[in-house]
Engineer: 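Input: one structure, supplied below.
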Amino acid sequence: MKKPKTYNYIFLAILAVSIILLLIGAVNENVAVLGVGLLLVFGSFVFRAITFRCPYCGYYLGRRSGTYCPHCKKDIE
């Protein structure tokens, strides 16, 4: 079964790494590192849009971090 909270933690980890890369690129004025950081930011949000869904009905959970799906009312975890 898919676990949206696990996917959310992966999203947050990717986002943290991308922010660190953006900061390093800005401090060192390195365009390549800035580009990779921006790609990772964009990719992390695409990853979240694809994976942060109810495992039962597929409803996008958005910013909700509750224990049940607001659409089908089933327990997520």
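In this chain, numbering begins with 1 at the start of the sequence shown. Here the structure is a predicted model, which means the values were calculated and not measured.
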Engineer: Can you tell me how far apart CG (L23) and CG (L34) are? Round to the nearest 0.5 Å.
Structural biologist: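 The CG atom of L34 is 9.5 Å from CG of L23, to the nearest 0.5 Å.
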Engineer: Nearest 0.5 Å, what's the CG-CZ distance between N8 and F52?
Structural biologist: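 One finds 4.5 Å between CG of N8 and CZ of F52.
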Engineer: Mind telling me whether H71 and Y59 have parallel, tilted or perpendicular rings, with 30° and 60° as the class edges?
Structural biologist: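 The arrangement is parallel - the two ring planes meet at less than 30°.
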Engineer: For the CG atom of L12 and the OG atom of S44, what is their distance to the nearest 0.5 Å?
Structural biologist: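 It comes to 9.0 Å.
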Engineer: Counting N and O atoms only, with roles assigned by atom type, does the side chain of N28 sit under 3.5 Å from a partner on the main chain of N30, one being a donor and the other an acceptor?
Structural biologist: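 No, the answer is negative, given that no donor and acceptor are paired below the 3.5 Å cut-off.
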Engineer: Can you check whether F45 and F11 have ring centres sitting under 6.0 Å from each other?
Structural biologist: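 Yes, the ring of F45 comes within the 6.0 Å limit of the ring of F11, centre to centre.
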Engineer: side-chain contact (heavy atoms from CB on, under 4.5 Å) with L38: which residues, sequence neighbours excluded?
Structural biologist: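 Counting only residues at least two positions away or on another chain, L38 forms a side-chain contact (heavy atoms from CB on, under 4.5 Å) with L22.
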Engineer: Taking ring-ring contact (aromatic ring centres under 6.0 Å, His included) as the test, write out the residues that go with F42, two or more places apart.
Structural biologist: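 Listed in chain order: nothing, the list is empty.
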Engineer: For the residue pair G37 and S18, what are the closest heavy atoms and their distance?
Structural biologist: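 Looks like O-CB, 3.5 Å.
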Engineer: Taking the hydrophobic residues Ile, Leu, Val, Met, Phe, Trp and Tyr, and joining any pair whose side-chain heavy atoms are under 4.5 Å apart, which ones share a cluster with V31?
Structural biologist: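 Via sub-4.5 Å side-chain contacts, V31 links to none.
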Engineer: Can you list everything that forms a side-chain contact (heavy atoms from CB on, under 4.5 Å) with L21? Sequence neighbours excluded, please.
Structural biologist: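 If we apply the side-chain contact (heavy atoms from CB on, under 4.5 Å) test to L21, skipping adjacent residues, the hits are V17, V33, V36, L40.
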Engineer: Using the side chain to side chain contact (heavy atoms under 4.5 Å, CB included) rule, take Y60 and R48 through it: C-alpha gap first, then chi angles, then the decisive distance, then the call.
Structural biologist: CA-CA 9 Å; Y60 177 63; R48 182 179 171 102; 3.9 Å; yes
